[in-house]
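Please read the structure below before turning to the comments.
Throughout, numbering of the chain's residues begins at 1 and tracks the sequence.
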Amino acid sequence: MTAFNYPATAATATRLLKRFGAACTIKHPTCTAYDPDTGTMTPTYTSTPSTAAVFDFAQKYIDGTLILQGDKQAYCAPGVAVVQGDSVTWQGIDYTVIAVKPVSPAGVPVLFEAQLRGQ
């Protein structure tokens with residue numbers, strides 16, 4: 001039995017997202033710095049350029065609890081792992097990743113499907 005070439009599938013997904021999607025930035029929180037003078041915590045982020053295609057959720061999926069009006073569905077390129085709590089800047093708007101489902105048959109990420117919510 002011949003193994004399926006999932007890395008080639010991931011490359012195809014990335015190529016299609018670059019063609020039909022738009023550039024975005026994935027911001028992953030790395031740590032939080034404490035300022036003793038002000039008593040505040042300031043998160044720091046690692047920003048990585050990526051590509052995504054972002055859509056409105058179909059009305060039938062908006063339940064007002066898990067998926068809210070205004071939430072977006074995003075398909076993100078597999079080059080950068082997207083996780084819950086990350087921030088995605090797409091077309092100048094910052095979104096928080098509420099939920100993410102990696103599409104990774106045989107453990108090879110092909111793309112990430114994410115639920116985004118405006119900040």
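- Applying the salt bridge (charged side-chain N to carboxylate O under 4.0 Å, His left out) criterion to Lys101, with sequence neighbours excluded, gives Glu113.
- Closest of all the heavy-atom pairs between Leu66 and Gln115 is O-NE2, 2.9 Å.
- The two residues Tyr95 and Leu116 have their closest heavy-atom pair at CB-CB, 3.7 Å.
- Closest non-hydrogen pair, Cys24 versus Ala52, comes out as SG-CB, 3.9 Å.
- Through direct or indirect side-chain contacts shorter than 4.5 Å among Ile, Leu, Val, Met, Phe, Trp and Tyr, Val103 is connected to Leu17, Phe55, Tyr75, Leu111.
- Taking Ile, Leu, Val, Met, Phe, Trp and Tyr as hydrophobic and joining them when side-chain heavy atoms fall under 4.5 Å apart, one finds Met41 in a cluster with Tyr34.
- With 3.5 Å as the limit, one finds no donor-acceptor pair spanning the side chains of Asp94 and Ser87.
- Using a 4.5 Å cut-off on side-chain heavy atoms (C-beta onward), Val97 and Val88 make contact.
- Under the ring-ring contact (aromatic ring centres under 6.0 Å, His included) criterion, Tyr45 pairs with no residue at all, not counting sequence neighbours.
- Expressed to the nearest 0.5 Å, how far OG of Ser47 lies from CD1 of Ile26 amounts to 9.5 Å.
- A donor-acceptor pair is defined here as one N or O able to donate and one able to accept, closer than 3.5 Å; such a pair exists between the side chain of Thr30 and the backbone of Thr44.
- When every heavy atom of Tyr6 is checked against every heavy atom of Ala106, the shortest pair comes out as CE1-CB, 3.6 Å.
- Under the rule for a salt bridge (charged side-chain N to carboxylate O under 4.0 Å, His left out), the partners of Arg117 that lie at least two apart in sequence or sit in another chain are Asp71.
- Separating the CG atom in Leu16 from the OG1 atom in Thr51 is a distance of 11.5 Å, to the nearest 0.5 Å.
- Using a 4.5 Å cut-off on side-chain heavy atoms (C-beta onward), Thr25 and Trp90 make no contact.
- The two residues Pro109 and Pro78 come nearest to each other via the heavy atoms O-CB, 3.5 Å.
- Remark: the backbone N or O of Asp63 is not paired with any side-chain donor or acceptor of Gln69 at under 3.5 angstrom.
- Counting side-chain heavy-atom gaps under 4.5 Å among Ile, Leu, Val, Met, Phe, Trp and Tyr, Ile98 is found in no cluster with other residues.
- Classification of Asp86 and Lys27 as a salt-bridged pair fails, no side-chain N sitting under 4.0 Å from a carboxylate O.
- Rounded to the nearest 0.5 Å, atoms OG (Ser50) and CZ (Phe112) are 9.0 Å apart.
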Show your working on side chain to side chain contact (heavy atoms under 4.5 Å, CB included) between Thr48 and His28 and close with a plain yes or no. CA-CA 8 Å; Thr48 309; His28 182 74; over 6 Å; no
